Amino acid sequence: MPIAASAFRPVKLEHASRLINHGPTVLVTSAAGARRNVMAAAWSMPVEFTPPRIAVVIDKHTFTRELVLASGAFGISLPGTTLIDLTWAVGGASGRDVDKLARHGLVTVAGPVLGVPLLEAGCAAWLECRLIREPHAEDAYDTCFAEVVAAAADPRVFADGHWSFRDDNVGLQTIHHLGGGHFVHAGAVARANPA
Ligand SMILES: Cc1cc2nc3c(=O)[nH]c(=O)nc-3n(C[C@H](O)[C@H](O)[C@H](O)COP(=O)(O)O)c2cc1C
C-alpha cells in the first residue's frame, strides 16, 4: 500500500552520513538549464565527516553525468520499497531518450541551498549535493565526490539522527540492490551493547 506523503524534516549535516551509511540504492537527480533527469545508483558511500562528503558512482556515459558536470550539483533521494519498480525503470533507460521524470509522473522539490530537484513522495530521505570538481579525474573515473549541503528525511523512518525500521513503515524502508533486479529492504534494527 502506498504510504501517504509526509512533510520531510531537516536532518543535521552531522547526521547526513547516516542516511547512506547502510548502503541504500539511491535515485540521483540532476538538472542543467531546462534539462533534468533521474537515474538509479547502487554504489554510494560517505567519505568525510565535516563537512559531510560522499562518493557516488555515476558512469561517465550517462546523461546524469553530463548534467552533473554542467550544473556542479545533484540530488540523492532514497526510495522506499514502494518505488522498487520505479528504481529499476529509471536505472534501465537514459534521459537522453526520454524525460524519465515526466514519464513516471515524478514531482520534485527544489533543494534549499542549490535548488537541485529532489524526490520526496515514496522516499525516506534526500541529500542535496555540491559536486567537488576534479578535472584531472573526470575522464578517468566514474566516481564523483560531493559535499552534502542539505539533507532531510521523513520522520516516520528517520528522526533525531536515527533510522527506525518497523513493521508499520516498510513502504519507506530503504532498498538495497542484490543484482539483476533483486532487492532486499532494511529490516529490524539491532543495537550493539557496550562490552
Ligand atoms: C538498481 C540499479 C543500480 C544502479 N547503480 C548504478 C551505479 O551505482 N552507478 C551507475 O553509474 N549506474 C548505475 N545504474 C545504471 C544507471 O542507472 C543507468 O545507466 C541509467 O540508465 C543512467 O541513466 P541516464 O543516462 O539517464 O543518466 C544502476 C541501475 C540500476 C537498475
Side-chain angles (χ1 to χ4, degrees), residues 16-17 19-48 52-108 111 114-119 121-134 137-148 170-187:
S17 65
L19 295 175
I20 59 168
N21 202 38
H22 58 311
T25 294
V26 301
L27 299 173
V28 182
T29 42
S30 54
R35 301 180 298 165
R36 58 188 192 146
N37 196 31
V38 57
M39 70 165 248
W43 291 359
S44 69
M45 63 183 290
V47 292
E48 303 275 351
R53 294 191 178 119
I54 64 168
V56 188
V57 175
I58 305 174
D59 188 313
K60 290 182 289 297
H61 305 101
T62 60
F63 185 48
T64 296
R65 178 74 167 235
E66 185 180 328
L67 297 189
V68 169
L69 289 180
S71 65
F74 60 89
I76 295 284
S77 298
L78 278 57
T81 59
T82 62
L83 297 187
I84 284 176
D85 291 347
L86 172 82
T87 302
W88 187 244
V90 301
S94 177
R96 288 199 181 92
D97 304 321
V98 60
D99 181 339
K100 290 183 269 185
L101 289 155
R103 170 187 273 185
H104 298 288
L106 300 177
V107 175
T108 59
L114 304 172
V116 169
L118 299 158
L119 299 167
C123 290
W126 53 248
L127 300 89
E128 186 177 30
C129 303
R130 180 186 287 119
L131 179 71
I132 298 170
R133 300 233 179 231
E134 296 181 283
E138 276 165 14
D139 291 339
Y141 300 110
D142 291 327
T143 306
C144 295
F145 292 91
E147 180 176 334
V148 180
V170 171
L172 286 173
Q173 292 185 14
T174 52
I175 62 172
H176 306 256
H177 192 219
L178 301 175
H182 295 259
F183 294 83
V184 290
H185 63 82

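Note that this is a predicted model, so its numbers are computed, not measured. The figures that follow rest on heavy atoms only: side chains count, while hydrogens, waters and symmetry mates do not. Just so you know, ligand 1 is whichever comes first in the structure, and atom 1 is the first atom listed for that ligand.
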Residue-ligand contact Lys100/ligand 1, heavy atom below 4.0 Å: yes
His176 side chain vs Gly23 backbone, donor-acceptor pair below 3.5 Å: yes
Over all atoms of both residues, closest heavy-atom pair of Ile76 and Cys129: CG1-SG, 4.1 Å
Ligand 1 N/O within reach of Met39 N/O, cut-off under 3.5 Å: no
Any Asp142 heavy atom less than 4.0 Å to ligand 1: no
Proximal atoms of ligand 1 relative to Ser94 (non-hydrogen, under 4.0 Å): 24 (P), 25 (O), 26 (O)
Close approach of Arg96 to ligand 1, heavy atoms, under 4.0 angstrom: no
Where ligand 1 meets Trp88 - atom numbers and elements under 4.0 angstrom, heavy-atom basis: 31 (C)
For Ile58, the ligand 1 atoms whose distance to one of its heavy atoms is below 4.0 Å: 11 (O)
Proximal ligand 1 atoms for Phe63, defined as those under 4.0 Å from one of its heavy atoms: 24 (P), 25 (O), 26 (O), 27 (O)
Asn37 N/O to ligand 1 N/O under 3.5 Å: yes
Identity and distance of the protein heavy atom lying nearest atom 27 (O) of ligand 1: Thr64 OG1, 2.6 Å
Shortest non-hydrogen separation from Ala32 to Leu67 and the atoms involved: CB-CD2, 3.9 Å
Any N/O pair Asp59/ligand 1 closer than 3.5 Å: yes
Gap between atom CG of Leu106 and atom NZ of Lys100 - 0.5 Å precision: 10.5 Å
Proximal ligand 1 atoms for His177, defined as those under 4.0 Å from one of its heavy atoms: 1 (C)
Numbering as shown, the atoms of ligand 1 that approach Trp43 to under 4.0 Å (heavy-atom distance): 8 (O)
Over 12 foreign heavy atoms within 6.0 Å of CG, Asp139: no
Ile58 CD1 to Trp43 CH2 distance, which is reported to the nearest 0.5 Å: 13.5 Å
Side-chain H-bond candidate by donor/acceptor type, Thr64 with Asn37, under 3.5 Å: yes
Thr25 side chain vs His177 backbone, donor-acceptor pair below 3.5 Å: yes
Arg130 side chain to Leu114 backbone, donor-acceptor under 3.5 Å: no
For atom 3 (C) of ligand 1, closest protein heavy-atom neighbour: Ala42 N, 3.6 Å
Qualifying residues under side-chain contact (heavy atoms from CB on, under 4.5 Å), relative to Asn21, sequence neighbours excluded: Pro46
Ligand-side contact atoms (ligand 1) for residue partner Ala93, heavy atom cut-off under 4.0 Å: 20 (C), 21 (O), 23 (O), 26 (O)
Nearest neighbour in protein (non-hydrogen) for atom 18 (C) of ligand 1: Gly91 O, 3.3 Å
Whether over 12 other heavy atoms sit under 6.0 Å from Arg36 CZ: yes
Test of proximity, Val57 against ligand 1: N or O pairs below 3.5 Å: yes
Identity and distance of the protein heavy atom lying nearest atom 13 (C) of ligand 1: Ala40 O, 3.3 Å
Any N/O pair Phe183/ligand 1 closer than 3.5 Å: no
Arg96 atom CZ, neighbour heavy-atom count above 12 within 6.0 Å: yes
Residue, atom name and distance, where the atom is the protein heavy atom closest to atom 22 (C) of ligand 1: Thr62 CG2, 3.7 Å
